[in-house]
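The chains referred to below are lettered A, B, ... by the order of the sequence lines, with proteins before strands, and numbering in each begins at 1.
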Number of protein chains: 2
Amino acid sequence: MAQTDKNNHNSDQREAGRLQVLDAIRSAGTIARIDIAGRTGFSPATVTVITAQLLEAGLIEEVTPEPNEKATGIRRGRPRVSLRLRGQAHRVAGLKVSHNNISVLILDFEGTEILSHEMTLPETRMATPLFCSVLIEAVTQACAKGSFTINDLSGIGVALSGLVDAKRRFVYWSSSLTDRNVNLGAELDSCTPCPVFLDNDANLVAKAEHLFGEGRDVDDFIVVTIEHGVGMGIVLDGEIYRGTRGCGAEFGHTKVQLEGALCQCGQRGCLEAYVGNYALLREANIMDRDRPLPDVPTLFNRAQSGDMMARSIFDRAGRMFAMGLANLVNIFDPKLIILAGERLSFDYLHADTVLEEMRRSVVQVDAPLPEVRVHAWGDHMWAKGAAAYAIEQVSAQAVREASSDAA
Amino acid sequence: MAQTDKNNHNSDQREAGRLQVLDAIRSAGTIARIDIAGRTGFSPATVTVITAQLLEAGLIEEVTPEPNEKATGIRRGRPRVSLRLRGQAHRVAGLKVSHNNISVLILDFEGTEILSHEMTLPETRMATPLFCSVLIEAVTQACAKGSFTINDLSGIGVALSGLVDAKRRFVYWSSSLTDRNVNLGAELDSCTPCPVFLDNDANLVAKAEHLFGEGRDVDDFIVVTIEHGVGMGIVLDGEIYRGTRGCGAEFGHTKVQLEGALCQCGQRGCLEAYVGNYALLREANIMDRDRPLPDVPTLFNRAQSGDMMARSIFDRAGRMFAMGLANLVNIFDPKLIILAGERLSFDYLHADTVLEEMRRSVVQVDAPLPEVRVHAWGDHMWAKGAAAYAIEQVSAQAVREASSDAA
DNA sequence: TTAATTATTTTTAAGGTCAAAAAAAGTATT
DNA sequence: AATACTTTTTTTGACCTTAAAAATAATTAA
């Protein structure tokens, strides 16, 4: 809310069209002008004009069809000329700051992975200046791996767990920082040669789903991530919904029980306090203090091999999760919910029984229920989200330049 | 989702601007062109062009300042010419169908109330044909009161409790209809000389708040209504958010307790089953079967005079409500929440303790919390929402005609 | 009273987008 | 091989919006 650009009739209007076309090309991979017109709603005439400018700016290129390859069915009429993004146009980095380490992913403009890099953190929580220099160091190391430098990057996206106002690049609170209320964008600007973009990690997974994942052809969906905590990203009308202060979509701290279990946020009854990684282990270890459990997969194995205590922990978590999802459906009535996870060990939350319970807890109408897709990403998920955000922002900047050059 | 017009570059684009200007004039009451430019983001030049067309179409008029009245502070420069809606341009009806009766409210184009009318229903639940004829009868009676006929109306808005897809004018379910899945829009079209618009009643209260109420100057807010049940209307970017199937924002059936109290919808643990009117009475009558309570105000009086049982009922309801509101804040991070109610007897839900509990249950950041405004409407609230919707739709139609005439 | 100043509104010239027409680049038919 | 046909792309003329300039209508100062 209040955080969507609108009414910027100033110079924004020409950019908007360019960006829409660029997005259409990105989501399609390769696409002919006529289909861009179909998808975006622009007239073919306008598409011609816009693509000409994007071509001239070097952001896209025409695909010269191989003579043999008439695979797309022999069509009559003037043959289509497909367009695609020009990968070499830009190079961006995506960073995910985790508990113990930073992952860096470098993508080209097309979204192709160039390389990835991991670096161990000196400390879990750092003061702002140290944090900045660690970030830069991680990027520098990654670039070195690919024989280029940080100066060859057009943008850097950073995924943080915590409460982030992405627009203002302001961090209210993050588990990686000892400081609160840090104007991290400004801090990082002074250390890097290229623009840095920040957001909450779950929002960025949603961004990755929108650009590269299950949400590629959908403009309205919700992404729920489960791991240590529970995160959510909301995409409405093709944009991340962030709320007034930039800290909406805190699904994990939605209350599912009055005076319920204690959450790491200090409050009680948060969904995360029933479903999150640490919540499950806490329960397990309360139940059986003599055999402390190291991790959730172990607990899950026990449940599957018939341990009733373990099973009841997952059972309750699943039911709470179903309730949370049902609430999302009741509020948003979305077309699609994506359950995104890095590891498959959390199968229990994707179980048919959970989804069935969700369906039962939803307002019943004679219309198809929202689709729920489970997307098991590799371990790059979070960093890829950050990189996706960087690509999006770099695209906007590039289009801005292309538009003003055209004038 | 998927239910916001976009990409209608066809003829929509000229309408959009006209409509935006019209909305700005409506929300301001009277406003000079230069301020319309400021508010809408259009250039003064465009405002001149658009207002000229709206003037010619008779939708707005210039305010001739009284010679004496230089009240607005002595300004230098060319004096502003204020514009306002021309009330006589259109006349619309808003209908709210309740348990036992229908209220009809007739407004002029400016939103001024011309008259209101109440009619008793023959039955609470009716088959579709009877329902339609009762609706028409109510409108006809109301018009007769004002010495005009239904033919003098430019549109009729209808507020229904239940699950309504406003875009399709389709009713999945309503407490007023015996049938399910009724294409009520089409049914009503065949009985009326003017267009009929339908929506869920809570959505329409949100519409009324946006056009005439506390949301007049806000484009992103949430309205929660409490009465028999609990309703919600979400305004994002100036538009009612309705979800994919048109049945989002079902706040009342959000689950706040696993395996909780039985709700009238047949499910368990719905917020409404703790906070709704009928839920409170149910509890009270379970507790004390010998003295059945007639209504909630009586129960509330008992609580205030120290009856511990009554007090505990309100206490739990309040805490559940606070939890529900906190969840909304955690998900939407809205700028404003409006608690809209017809009667003040529900003070207990607006109590400071409830709001305080909500504030405690929200993700804590060093930024101002969403504002919560309590708006106690008169008994026209629901019908006014329906009328507001009719005004909005009629405006769109009028602008469409003005635009095509201008061409 | 006249000129200067100020603020609002309107006009003008330029660029963006679209519908319709034209051009382009193929396949199908004779 | 020539012509007809089909589909995509580009061009054209018209309209919408804007920035900048001009016109308008007041107040203020001289």
Expressed as a whole number of angstroms, how long is the span from [X]:[atom1] to [N]:[atom2]?
X       : N      : atom1 : atom2 : answer
A:Ile36 : D:dT10 : CD1   : P     : 11 Å
A:Asp35 : D:dT9  : CG    : C1'   : 13 Å
B:Arg33 : D:dT18 : CZ    : P     : 16 Å
A:Gln20 : C:dG16 : CD    : P     : 16 Å
A:Ile50 : D:dT10 : CD1   : P     : 13 Å
A:Ile34 : C:dA19 : CD1   : P     : 12 Å
B:Phe42 : C:dT9  : CZ    : C1'   : 17 Å
B:Glu62 : C:dT10 : CD    : P     : 8 Å

Checklist entry - Relative to A:Phe170, does A:Arg245 satisfy both conditions: NZ or CZ under 6.0 angstrom from the six-membered ring centre, and within 45 degrees of the ring's axis? => result no
Checklist entry - Would B:Arg26 count as a cation-pi partner of B:Phe109, with NZ or CZ less than 6.0 Å from the six-membered ring centre and within 45° of the ring normal? => result yes
Checklist entry - Side chains of B:Arg169 and B:Leu188: closer than 4.5 Å at any heavy-atom pair? => result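 Contact flag for B:Arg169/B:Leu188 side chains = no.
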Considering only nitrogen or oxygen atoms on both sides, find all protein atoms under 3.5 Å from nucleotides 3-7 of chain D and state each distance.
{"residue": "D:dT6", "atom": "O4'", "partner": "A:Arg76", "partner atom": "NH2", "Å": "3.4"}
{"residue": "D:dT6", "atom": "O2", "partner": "A:Gly77", "partner atom": "N", "Å": "3.1"}
{"residue": "D:dT7", "atom": "O2", "partner": "A:Arg78", "partner atom": "N", "Å": "2.5"}

Next on the checklist: Between B:Thr46 and D:dT17, is there a contact of a side-chain N or O with OP1 or OP2 at under 4.0 Å?
Outcome noted: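 No, because none of the side-chain N or O atoms of B:Thr46 sits under 4.0 Å from OP1 or OP2 of D:dT17.
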Next on the checklist: Would you call the rings of A:His210 and A:Phe221 parallel, tilted or perpendicular, taking 30° and 60° as the class edges?
Outcome noted: tilted
Checklist entry - Parallel, tilted or perpendicular: which describes the rings of A:Phe332 and B:Tyr241, with under 30° parallel and over 60° perpendicular? => result perpendicular
Checklist entry - Quick one: which of B:Ile338, B:Val218, B:Leu336 gives a side chain to side chain contact (heavy atoms under 4.5 Å, CB included) with B:Glu371? => result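 For B:Glu371, the side chain to side chain contact (heavy atoms under 4.5 Å, CB included) check succeeds only for B:Leu336.
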Checklist entry - Which angle, rounded to 10°, do you find between the first-five-pair axis and the last-five-pair axis of the helix from C:dT1-D:dA30 to C:dT30-D:dA1? => result 30°
If you compare all heavy atoms of [X] against all heavy atoms of [Y], which two are closest, and at what distance to 0.1 Å?
X        : Y        : answer
B:Lys335 : A:Thr244 : N-OG1, 2.9 Å
A:Gly233 : A:Ala206 : CA-CB, 3.9 Å
A:Gly58  : A:Ala89  : O-CB, 3.5 Å

Checklist entry - With a non-hydrogen cut-off below 4.0 angstrom, is B:Val47 in contact with a base, only sugar-phosphate, or nothing? => result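 No contact at all - B:Val47 keeps every heavy atom at 4.0 Å or more from the nucleic acid.
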Next on the checklist: What's A:Val49 touching, base or sugar-phosphate or nothing? Going by heavy atoms closer than 4.0 Å.
Outcome noted: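 If one applies the 4.0 Å heavy-atom cut-off, A:Val49 turns out to touch nothing in the nucleic acid.
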Next on the checklist: Side chain of A:Ala45 only, heavy atoms from C-beta on: which candidate in C:dT9, D:dT17, D:dT12 is closest?
Outcome noted: D:dT12
Short N/O separations, protein against nucleotides 2-4 of chain C, under 3.5 angstrom:
none

Next on the checklist: Set out, in order, the CA-CA distance, both residues' side-chain angles and the distance that settles side-chain contact (heavy atoms from CB on, under 4.5 Å) for A:His90 and A:Leu85, then state yes or no.
Outcome noted: CA-CA 10 Å; A:His90 291 282; A:Leu85 295 181; over 6 Å; no
Checklist entry - If only atom types and distance count, is the side chain of A:Arg33 paired as donor or acceptor with the main-chain N or O of A:Thr51 below 3.5 Å? => result no
Checklist entry - Between the side chains of B:Glu401 and B:Gln397, does any donor sit under 3.5 Å from an acceptor? => result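 Yes - a donor-acceptor pair under 3.5 Å links their side chains.
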